[in-house]
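Note that these values count all heavy atoms, side chains included, but never hydrogens, waters or copies made by symmetry. One-based numbering along the sequence shown.
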Amino acid sequence: MLRENESIPEEQFNLDVEEQRRLEAMVEQEAERVKAEIEQDIIEKCYLRDLVKRECWDSVMIKCRSIKAFHSEMTVKNYPLNERTEKELEDLHRVQNMRKIEKAACRLRKSSSKQKEERQEEGHEAESAALSGSFSAELGYSSPYIYNQFNLQTIEQRINQIILLQDVIYSIKMAFNSDFEALHRQKVQELKRLQGRNKQIRDIMLELDIKQKLLDTSLTDGEWPERLLTVDDSEIKAEKYLNPEQKKQEERRRLEESCLTAQADDSRERALDEMMEGVLEVKKGNILKMEIPPPEFVLTKPDIQWSEEEKNMYKEYERNMKDLSDKKEKYKRTLEIEMKKLQESIKDATEKFDKTLMTLYERKLKCTVAIYQEELKITYLADSVLTVEEMNNQERELRLKLERMLARKMKTQEDLNRYKDEVDQCQYEYDSIVAEDKVLEQEFRRGFTDLPNRVNDQLYKLFKRRPRVQRLRAQTENATNLFKEHHLNASQAPDGFSQMLKAMEELDAPENMPEEINLSIWERFCFVRKTKVESEQTIKMKAQDLAEMQAFLKRREDEDNAAEEEISKIFETFQSLQKKRNQHLTNTPVQLVLKQGQLGTSTADRTADRDGSDFLLLHNSVVDDLRNKSRMLGKQKVASMEARSMVHKYIIQLEWEHRVLNKKIEDSNDKKRDIKMFRLTEEQQDMRHRSKKDQNACMLEKISTLEINIAFMKKSHERSIQQRMKKCERINKKIKTEQISAALELELSHLRVSVAEMRHIYEAS
């Protein structure tokens with residue numbers, strides 16, 4: 001049934017049509033989702049590309065570009081620059097105009113001393129390389145409006161100096177970029193010439209049938225950064241999708257291009273043919289590949305059967321072959337010479353370009369050094385400006401704090417004066433009440449003079465008597481209310497006084513009246529005592545109020561003294577900050593350009609102070625002299641130590657010989673005891689004694705000689721040691737005097753600097 005089923009549609013083979021449609025719809029939906037995600041991803045990448053290109057490429061006035069050498073890996077880059085904003089240009093013009101006005105005013109002010117100024121300018125020109133702080137003046141990029149480093153005394157001058165230095169850096173970069181662009185255009189032209197010459201060399205090598213490696217280079221991505229932003233068709237690995245209409249257009253375009261190239265080649269060949277009058281036909285035939293076929297009889301007949309005419313034809317053939325080989329050799333030599341000339345011209349041109357690139361590289365090194373020096377000056381100036389601004393902010397804060405403290409001090413002083421007046425008034429009232437109480441006590445005895453003394457004394461005792469309730473009340477209050485406030489005690493005082501009055505009424509009862517007095521005297525006595533008790537209570541209350549007011553006044557005085565001390569501290573801090581700011585403005589950081597190895601430091605520990613404030617700069621000649629002296633003294637010490645060691649060795653050797661001789665003497669004495677006694681004649685005994693004497697004398701002479709030598713060597717060694725020690729003492733004294741003189745010179749220089757600063761401050765004030 002295969003043939004019958006071939007004509008049946010595929011839909012009839014599906015058992016579940018609805019499931020198939022559902023799956024197809026699902027597939028289409030998934031495809032649409034994937035397509036939407038891809039389109040969204042493409043849109044995001046396009047936006048990111050446009051954003052990066054706009055901010056990092058289009059906004060840059062001069063793009064980052066490089067030039068690579070032909071015969072090395074050396075690469076030179078330019079300085080990428082952004083276009084200066086309107087505010088930067090406005091600030092620059094403002095500073096330049098300000099400097100023009102200042103220079104004009106300075107010239108008018110110094111017109112009377114013109115010759116002196118010219119001499120100073122000549123001196124400044126001679127020292128400009130060191131005092132300007134950079135090599136920009138030597139490179140020819142210095143601005144005439146730049147301040148002298150020693151005249152930057154205000155914040156405005158330093159800010160203007162920063163703007164002018166930024167303009168100098170910009171001019172250095174722009175000047176180098178112009179030279180860089182000229183060399184970049186030269187390399188592009190050189191590459192075009194190189195490609196043309198390489199094409200000629202390839203044609204020659206094709207004719208000569210040889211292969212050689214050629215210098216075939218092109219612009220890299222660093223030299224042509226615009227190429228990174230475009231995508232070439234050769235970079236796309238996937239096959240390009242074209243619809244039928246686009247395919248027809250592509251085929252039509254290819255046919256048109258092929259026709260145009262064919263017509264151009266034909267027209268070019270016809271023009272060359274007409275111009276060279278057919279001479280090129282011989283050259284196009286490629287002489288090196290030309291061959292002359294031999295005559296037919298050479299292949300069919302042997303040499304013996306040739307006729308005279310055939311022999312002449314063969315001679316003509318050999319002559320033509322020789323001429324053709326000569327032409328081939330000549331043409332080959334001509335091609336080789338031409339190829340060699342082309343290769344030499346390529347080599348000379350590329351080497352010359354590399355030398356020019358090396359010169360540009362050296363120039364960039366100098367420009368980079370100058371830029372770094374100017375940026376370092378800008379960093380110092382910016383740091384000083386920020387430091388002064390920070391000091392100004394601190395000064396403003398201290399001034400505001402001082403004003404607030406002074407206002408508070410004035411208010412507290414007014415309150416304190418008022419409090420003092422109130423305390424004085426309370427003290428006066430207290431003194432008057434105490435005086436009145438004393439008067440009451442004195443008048444008590446006068447009021448009862450008509451009574452006997454014994455009764456008068458008894459009444460006086462009753463007059464001094466007070467009820468027990470008051471004492472108990474005071475004790476309980478002290479025990480229970482020890483940590484309560486004074487206003488609570490003051491509110492409870494009337495209650496205690498009322499209880500005491502009640503107790504006094506009990507004491508005033510007639511039962512407590514003495515027998516010697518009558519009721520009228522007792523009533524008068526009770527009235528006087530009640531008045532006295534009320535007066536004492538008033539004195540007690542007044543004393544308590546006075547103590548509280550004095551304590552309050554003492555606290556306010558302590559607070560006032562603390563505020564006054566704080567004001568004095570703030571004022572001292574304010575004055576020290578002003579002094580520090582003025583000193584910072586006066587002591588301007590100056591950048592000096594010195595040769596490498598020209599100066600040295602006197603501090604051994606160079607990590608102790610990183611800002612270099614404790615360093616003493618010395619010329620290297622002084623350091624070299626000290627090194628030579630120390631080296632010479634070290635050599636002398638080594639020589640003396642070697643001589644001392646030799647003397648010590650010689651002394652040890654002599655001592656060893658002396659010890660050996662002593663041992664020999666001891667051995668001879670031991671042998672003498674062991675020798676048996678023989679009877680000898682008088683002559684033999686005399687000879688024996690004489691020989692012993694001679695031997696002992698010889699031994700003693702040797703020992704004495706050794707001792708003399710040892711003593712002499714010891715004396716000479718001690719004498720040399722003493723001489724060395726004296727010399728060392730003289731050298732140490734000389735070193736101490738030199739150190740003292742150096743310290744005095746340093747102190748003198750500091751004093752001169754301080755005197756100059758004080759003179760400058762005095763003149764400024």
Fill in: Heavy-atom closest contact (Ala349 atom, Arg197 atom, distance)
CB-NH1, 4.1 Å
Worksheet item: How about Leu342 and Ile204: do any of their side-chain heavy atoms sit closer than 4.5 Å?
Response: yes
Practice prompt. For Tyr380, look at atom OH and say whether over 12 heavy atoms of other residues, nucleotides or ligands are found less than 6.0 Å away.
Written response: no
Worksheet, complete the sentence: In short, Ile378 meets Gln166 closest at the heavy-atom pair CD1-CG, 3.8 Å
Fill in: Polar side-chain atom of Asp383 near backbone of Thr379 as donor-acceptor pair, under 3.5 Å
no
Worksheet item: Of the non-hydrogen atoms in His184 and Ser66, which two are nearest, and what is the gap between them?
Response: CD2-O, 4.1 Å
Worksheet entry | Any donor-acceptor N or O pair under 3.5 Å, side chains Lys199, Gln195 | no
Practice prompt. Output all residues satisfying salt bridge (charged side-chain N to carboxylate O under 4.0 Å, His left out) with Arg185, sequence neighbours left out; order by chain, then residue number.
Written response: none
Worksheet item: Should Leu398 and Thr573 be marked as a side-chain contact (heavy atoms from CB on, under 4.5 Å) after you check the CA-CA gap, both sets of side-chain angles, and the distance that decides it?
Response: CA-CA 8 Å; Leu398 289 174; Thr573 307; 3.8 Å; yes
Item to complete: Any chance you could lay out the side-chain contact (heavy atoms from CB on, under 4.5 Å) test for Arg84 and Asp167, step after step, and finish with the verdict?
Response: CA-CA 10 Å; Arg84 289 192 281 193; Asp167 180 62; 2.9 Å; yes
Worksheet item: Under a 4.5 Å cut-off applied to non-hydrogen side-chain atoms, are Ile346 and Ile201 in contact?
Response: yes
Worksheet, complete the sentence: Output for pair (Arg399 CZ, Arg396 CZ), nearest 0.5 Å, gives 8.5 Å
Item to complete: State plainly whether the residues Glu102 and Arg99 are in salt-bridge range, i.e. N to O under 4.0 Å.
Response: yes
Discussion item. Closer than 4.0 angstrom, basic N to acidic O: yes or no for Lys355 and Glu351?
Written reply: no
Item to complete: Taking the side chain as every heavy atom from C-beta outward, state whether Val755 and Arg752 have any pair of such atoms under 4.5 Å apart.
Response: no
Worksheet item: What are the two closest non-hydrogen atoms of Cys64 and Pro225, and how far apart are they?
Response: O-CG, 3.6 Å
Item to complete: Take Glu190 and Arg193 through the test salt bridge (charged side-chain N to carboxylate O under 4.0 Å, His left out) and record every step on the way to the result.
Response: CA-CA 5 Å; Glu190 205 64 46; Arg193 296 193 195 100; 3.1 Å; yes
Worksheet item: Is the count of non-hydrogen atoms from other residues, nucleotides or ligands lying under 6.0 Å from Arg408 atom CZ greater than 12?
Response: no
Item to complete: For Glu86, look at atom CD and say whether over 12 heavy atoms of other residues, nucleotides or ligands are found less than 6.0 Å away.
Response: no
Practice prompt. Locate the shortest heavy-atom distance separating Asp354 from Phe70; write the atom from each residue and the value.
Written response: OD1-N, 3.0 Å
Discussion item. What I want to check is whether the side chains of Tyr361 and Thr356 have a donor and an acceptor closer together than 3.5 Å.
Written reply: no
Worksheet entry | Atom pair CG (Leu381) and CD1 (Ile155), whose distance is rounded to the nearest 0.5 Å | 10.0 Å
Worksheet item: Has Glu83 got more than 12 heavy atoms of other residues, nucleotides or ligands less than 6.0 Å from its CD?
Response: no
Item to complete: Calculate, to the nearest 0.5 Å, the distance between atoms OG and CE belonging to Ser72 and Met358 respectively.
Response: 6.5 Å
Worksheet item: With a 4.5 Å heavy-atom cut-off, do Ser136 and Ile172 have their side chains touching?
Response: yes
Worksheet item: Can the positive tip of Lys364 be found less than 6.0 Å from the middle of the six-membered ring of Tyr79, inside 45° of the ring normal?
Response: yes
Under 3.5 Å donor-acceptor pairs involving side-chain atoms of residues 88-97, not counting sequence neighbours:
{"unit_1": "Glu88", "atom_1": "OE1", "unit_2": "Thr85", "atom_2": "N", "d": "3.4"}
{"unit_1": "Asp91", "atom_1": "OD2", "unit_2": "Lys87", "atom_2": "NZ", "d": "3.1"}
{"unit_1": "Asn97", "atom_1": "ND2", "unit_2": "His93", "atom_2": "O", "d": "3.0"}

Practice prompt. Indicate yes or no for a side-chain donor-acceptor contact from Gln161 to the backbone of Tyr147 under 3.5 Å, with no hydrogens or angles considered.
Written response: yes
Item to complete: Report the distance from atom CG of Asn78 to atom CZ of Phe180, rounding to the nearest 0.5 Å.
Response: 4.5 Å
Worksheet item: Are Thr350 and His71 close enough that a side-chain donor and a side-chain acceptor fall under 3.5 Å?
Response: yes
Worksheet item: Does Glu73 come within less than 4.0 Å of Lys68, counting only side-chain N to carboxylate O?
Response: yes
Worksheet item: Given side chains that start at C-beta, do those of Thr154 and Leu585 come closer than 4.5 Å, heavy atoms only?
Response: no
Practice prompt. Taking atom types as modelled, find out whether Asn392 and Arg581 have a side-chain donor-acceptor pair closer than 3.5 angstrom.
Written response: yes
Item to complete: For the pair Lys341 and Glu338, find out whether any cationic side-chain nitrogen is under 4.0 Å from an anionic carboxylate oxygen.
Response: no
Discussion item. Please report the interatomic distance SG(Cys367) to CD(Glu362), rounded to the nearest 0.5 Å.
Written reply: 12.0 Å
Worksheet item: So does Lys45 pair up with Asp41, basic N to acidic O under 4.0 Å?
Response: yes
Worksheet item: Is it true that Arg253 and Glu250 make a salt bridge, defined as a side-chain N closer than 4.0 Å to a carboxylate O?
Response: yes
Worksheet item: Is Arg65 paired with Glu223 through a side-chain N to carboxylate O contact shorter than 4.0 Å?
Response: no
Discussion item. Between Gln343 and Gln212, do the side chains contain a donor N or O and an acceptor N or O under 3.5 Å apart?
Written reply: yes
Worksheet item: Does some side-chain heavy atom of Pro80 sit less than 4.5 Å from a side-chain heavy atom of Lys63?
Response: no
Worksheet item: Rounded to the nearest 0.5 Å, what separation is found between the NZ atom of Lys366 and the CG atom of Leu139?
Response: 7.0 Å
Discussion item. Show me the pairs that pass side chain to side chain donor-acceptor pair (under 3.5 Å) and involve residues 170-181, at least two apart or across chains.
Written reply: Asp179-Arg363
Worksheet item: Does Lys377 make a cation-pi contact with Tyr372, if we ask for NZ or CZ under 6.0 Å from the ring centre and within 45° of the axis?
Response: no
Discussion item. Using side-chain contact (heavy atoms from CB on, under 4.5 Å), reason through Met174 and Met61 one step at a time and then give a plain yes or no.
Written reply: CA-CA 11 Å; Met174 287 295 293; Met61 183 179 66; 4.1 Å; yes
Item to complete: Test side-chain contact (heavy atoms from CB on, under 4.5 Å) on Asp348 and Lys352 and set out the steps.
Response: CA-CA 6 Å; Asp348 294 339; Lys352 184 178 179 181; over 6 Å; no
Item to complete: Search all heavy atoms of Gln153 against all heavy atoms of Thr586 and return the closest pair with its distance.
Response: OE1-CA, 3.5 Å
Item to complete: Taking only Lys NZ, Arg NE, NH1 and NH2, and the carboxylate oxygens of Asp or Glu, determine whether Lys401 and Glu397 approach each other closer than 4.0 Å.
Response: no
Discussion item. Whether the side chain of Ser143 engages the backbone of Val168 through a donor-acceptor N/O pair (distance < 3.5 Å, no angle test) should be reported.
Written reply: no
Practice prompt. Determine, step by step, whether Lys247 and Glu251 satisfy the salt bridge (charged side-chain N to carboxylate O under 4.0 Å, His left out) criterion, reporting the C-alpha distance in whole Å, the side-chain angles of both residues, the deciding distance to 0.1 Å, and the verdict.
Written response: CA-CA 6 Å; Lys247 288 181 180 179; Glu251 290 177 358; over 6 Å; no
Item to complete: Would you check if there is a donor-acceptor pair between the side chains of Gln373 and Gln591 at a distance under 3.5 Å?
Response: no
